[in-house]
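Take a look at the structure below.
Proteins come first, then strands; the chains are lettered A, B, ... in the order of their sequence lines, and each starts at number 1.
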Amino acid sequence: MSAPSMPAEAQPESFAFTEANLERARALIAKYPAGRQASAVIPLLDLAQRQHDNWLPRAAMDTVADMLSMPRIRVYEVASFYTMFNRAPVGKHLVQVCTNTPCWLRGSDAVVSSCRRKLGIDFGETTADGQFTLVEVECLGACVNAPMIQVNDDTYEDLDGPRTEALLDALARGERPASGSTTGRSGACPAGGPTTLTASAERAGIALPSAGSADILPADDR
Amino acid sequence: MPKLTIDGVQVEVEPGTSVLQAAEKLGIEIPRFCYHERLSVPANCRMCLVEMERAPKPIASCAMPCSDGMVIKTNTETVRKARRGVMEFLLINHPLDCPICDQGGECDLQDQAMGYGFDHSRYGESKRAVTNKNLGPLVATVMTRCIHCTRCIRFIDEIAGVPVLGATSRGEHMEVTTYVEQAIDSELSGNLVDVCPVGALTAKPYAFTARPWELRKTESIDVFDAVGSNIRVDVRGPEVMRVLPRLAEDINEEWISDKSRYAIDGLKRQRLDRPYVRRDGKLVATSWDDAFAAIAQRLNGVPGSRIAALAGDLADAESMLALKDLMIALGSPHRDCRQDGAQFDVSARAGWLFNSGIAGIEQADAILLIGTNLRWEAPLINARVRKRYLQGGLKVGVIGPQHDLTYPTTLIGAGPQSLEDLIEGRHGFAAVLKEAKRPLLILGTGAVQRRDGLAVQALARRAAETFGMITDDWNGYNFLHLAAARTGGLELGFVPGEGGLATAGIVAAAGAGELDVVYLLGADEIDGGRFGKAFVIYQGHHGDRGAHRADVVLPGAAYTEKNATYVNTEGRAQWGRQATFAPAEAREDWKILRALSAVLGHPLPYDSLGAVRRQLAATSPVFGAIDARVAASWAPFGGPGAVDAVPFAAPIENFYMTDPISRASVTMAQCTEAFILPAREKTGTHG
C-alpha cells in the first residue's frame, strides 16, 4: 500500500501567511539560534495549516521551506511524517477516532459505528457538505477515559454510541461542546467517584468531586 | 589512538574510526546496506550488528566509534542470529523478482541474503507495493524493491548537492521520493544507480539489456571531459553495454558524470565504418587503398606551407603524435589541437595545467573561479569543491557568469576588469584570498577563448602571485580544460610550429584559399563551410560536422575501441584500453596515419604501439609517467596587452551534448529535452 499522495486538484497556486501569522512566524523562528531556524519547521507548518482550513497545500510547504531556507523535500518529509498535518482538504470538523486496544476494549466499535451511521461516511471520507471528515487514528493519549475521539483540537472522552451521536449533532449545529469527559467526571477521576483517602479529605474539609453520571460503562458491559 | 580487539585480534586505529572500519582494516567483512564510505552514517539498516563485550545487546558497528579496550565479536551465534533477523525483516517487503531485476547478479541484498540470511521465508502475508517514481531519463525506479537504506537521499544531498530526494511518510508507508514529480537535475545522478544496494534504482538506458556475468570488463579512461575519470567499460560481444566508474581517489573518487556513463549509446549511431571519397559532390563509400590514393593524388606537389592539421577534442596522444610527425614530414608548420581558439603560452606548462591537482582542492580554503561553469565543465571537480565546502571554512568567489554550483559563491564580477579590481584590492573578496592559507584559482576555458586570452592569463598569473597562491609546497594556479585531448596535444606539441598558423589562422587561410589541404583529426567543432575550397580530410569515428564537409573520410576508432593515451587537465597521462573493436573497416587512429604516411612516401618511424609510446615518452616526460602527475615549475606566462571589457562567456551551452559521441546519443538528447530546454525557456536567454 502506498502512502496517500497529494491530490493534484484543489492545490492552490500560492500561499502567503497573513500579516498577523507572519509576525507570529517570525517570533517562532526567533526562538531558535541563528542558523538553526529549520527547527521552527513544525510550528510554522502548524501555523500554516491553521490558517489554511486545517490542511497544508504544497504551496504552504514551499513557503515554509523558503522562509527557513531549507530544501523543500525536507519540509515534505516532515509534513508527511506527522499525521497531524493534513496534506489534502478536510472537513470543518476532523473527527479522529481512536481504535487502539484500550479504546477498543472500552467500546470504540460502538463509537465508530455511531460515526459511520450518523455521518454516512467511512474512514478517510468527507461528508458531501464538507462539514465532517472521519479518520481512524492511533492512541490519542487519554486511555484512562477511553473510548475517545478528537475533533480538531478538542478531545471527547468516556464516549459511547448515543453520546457520540449527541456530540456529532452538537457539532453539526455549530456548537463547540466542552472538551474532556462526556460523562462529566473531572479529569481522570475514578468513574464512580473517589474511593481512596475519602476520610482524609473529609477531615481536611475538602469537598469531594461528584461521581458524575453513573452509567458511564458502555451498554454491553453493564 | 584507541586499541581494540576484534575477533581476538588487536588493532590500533585513528580516533573516530568506526568499529566497521576497524574490522575492514583487519579484513573482517561486516555486511551492510546503509553504510557507504563517502556518505554520512545514519545506521538505519541494522545489518552491521556485532557483539560488544559488556553491551546488553548487539551494536550497529558502522556508527559505533572505536574506544580503548573494546572487545568486539563479529562471528558469534548472537551476531548471526541478529543478522538473520534483520535480513528476514528486510525481505518481508522485498519482492522476489530477482529473475527480472537488472540488479540481479550484482545485488548486495541478493549476496547478503545468501551469506547472512535465513534459508527460508516464514512470511505468508501480502507484501507492500510502492508506486514507481519518474526521476528523469537516466534513473529507472522500481520502488517496491527499496529497502530504505537512504543512500540515494544522502548521495544526492551530500555529494551531488541537489537535495530533491527524501523519505516521506513513515513506517510501512515510508517512501523514497521527490514528492513532487521531477527529474533529478544533477550531472551526477547516474551514480544513484551505483549507490543503490538493491534494484530500486537502475539505469534506464541499460534496462533489461544485459546480465553482469555476460559482460567483459575493461578498465579504461573517460574522454567526455578533461578530468580523465577512471572507468570500466562493460562489453557484450561487439557492443558497449555500459560504463561504470572505477575507484581513483585522486581523480573521480568513485563517481562519474552522467555524460560519461550514458552517452555511450552514441557509439552505435552515426558511425563511420568505411572510407569515403567525395565524387561529384557526393561522399561515396570506397576502400582504404582508394581513399589513400585520393589523398596522395591531391597532396602531390602541394607545398607543406599550404597544408594544415587540426586535432579534435577526443583525439588520443598517439594519433596526435603521428599526425604531428606526418605534418612535419610534409613540411607543414600549420597545426593546432585547440579548435576552440584558446590561447596558451605553450612553453610554460604551469599556465595550462591544473597544478594543485584535483585532490589538492581538499586542502584549499579559498577558491576563485574565473570564467568557468565548473558544474558543467567538470562535474567531478565541482563535486570535489563541494566536498571541501562541506568540511567547512571554504569561501568561493566567482568572476564570470554565476551558476548554481551546489555551494554558495560570492559574485565578484563578470569580466577581466573585475579580476583586475580584485588584484588591486578593490573588492572585499581580496581580503579573503589574502588571509587564506591555501588559496586557489580555477581559470576556465571560457576566459581564454578570446582575443585577449593571453592577457587574461597574465592577469590570472598576477592574481595567483598577489594572493600567495604560489609557494614552495603549493601551486594554486589551475587551468581547467574541457577536452580530453587538449592537455595531451599541448604536451606533445600539437601546436603551430615555426611560422605556423593556429586554429583561427588556419580557418581564415583555408577560407581565403591560402591553404589547399586541411587534415581534421576528429575536429568537429568548426563549421565546415568556413574551410572554403580547401581539400578536407576527416579522420574520426562519427559522421558529425567534420565528416559532412570532408572530401575524404577515414574511419577511426572511438575511445572504447583503441589502446590510447589521454592526459587529463592535471597533466596526468593515463591509458585507455580497448574494450571492443571499431566497426567494419574502421581502424585505430595512429595506425591509419602510419599507413597513410607510407603511401605519401614519408613512413613514420614506428610500427607498434610500444614504439609510438616510446616516441611519446621521448617527446614529453608526462607520457613516461603513466597515472602519475608530472608537476610543472612556475614560470612567467601569459601575454602583454590590455584586456577587453567583454564579460566572460560560458563555453558550454549544453552539458549533455559537447562532442560527436554525445551528439549522436539518444539518451543525451532525452536529457537535453528534460533538463536543458525547459531551463532555457524559463530564463529566456535563448530566443
Side-chain angles (χ1 to χ4, degrees), chain A residues 1-15 33-38 41-42 45 48-49 55-88 96 99-100 123-124 135-139, chain B residues 40 42 44 92-93 95 125-135 141-146 148 150 152-186 192 200 386 390 392-393 404 406-408:
Chain A
M1 81 202 79
S2 212
S5 56
M6 282 185 315
E9 77 281 6
Q11 289 287 336
E13 283 285 302
S14 63
F15 174 90
R36 305 275 177 196
Q37 72 277 16
V41 64
I42 292 178
L45 283 175
Q49 173 162 299
W55 73 283
L56 272 178
R58 183 186 152 195
M61 296 188 246
D62 291 347
T63 304
V64 170
D66 296 348
M67 269 175 87
L68 301 175
S69 21
M70 58 198 287
R72 291 177 170 186
I73 182 72
R74 298 283 97 83
V75 176
Y76 304 149
E77 284 178 328
V78 171
S80 63
F81 184 90
Y82 293 102
T83 52
M84 297 80 166
F85 293 124
N86 307 314
R87 287 169 296 139
Q96 306 159 65
T99 54
N100 279 178
F123 287 136
V135 289
E136 182 180 31
V137 293
E138 308 303 320
C139 185
Chain B
S40 59
N44 60 4
I92 275 183
N93 275 324
E125 318 296 318
S126 25
K127 294 181 178 233
R128 91 180 189 142
V130 182
T131 43
N132 292 341
K133 311 292 182 288
N134 181 7
L135 299 184
T141 62
V142 183
M143 295 316 284
T144 304
R145 295 179 189 146
C146 177
H148 302 155
T150 69
C152 53
I153 302 176
R154 285 172 284 140
F155 173 84
I156 210 77
D157 197 25
E158 294 163 17
I159 310 282
V162 184
V164 292
L165 278 174
T168 60
S169 300
R170 60 169 156 173
E172 202 192 9
H173 301 288
M174 178 173 158
E175 280 185 32
V176 172
T177 169
T178 53
Y179 197 66
V180 286
E181 185 168 299
Q182 58 177 325
I184 295 179
D185 191 3
S186 165
L192 288 171
R386 177 170 166 82
L390 289 178
D404 173 17
T406 71
Y407 41 84

Okay, B:T177 and chain A: the region with an atom under 4.5 Å from a heavy atom over there is backbone
Counting only heavy atoms closer than 4.5 Å, note whether B:L165 contacts chain A via side chain, backbone, both or neither. backbone
Cut-off 4.5 Å, heavy atoms of chain A, and the answer for B:N93 is neither
Can you tell which part of A:R72 gets under 4.5 Å to a heavy atom of chain B, answering side chain, backbone, both or neither? neither
Nearest heavy-atom approach of A:R87 to B:S169 is NH2-OG, 4.0 Å
Closest heavy-atom pair, B:P163 versus A:I73, reported as atoms and distance to 0.1 Å, is O-CG2, 3.4 Å
If you round to the nearest 0.5 Å, how far is CZ of B:R170 from OH of A:Y82? 8.0 Å
Which atoms of B:T178 approach chain A - backbone, side chain, both or neither, heavy atom under 4.5 Å: backbone
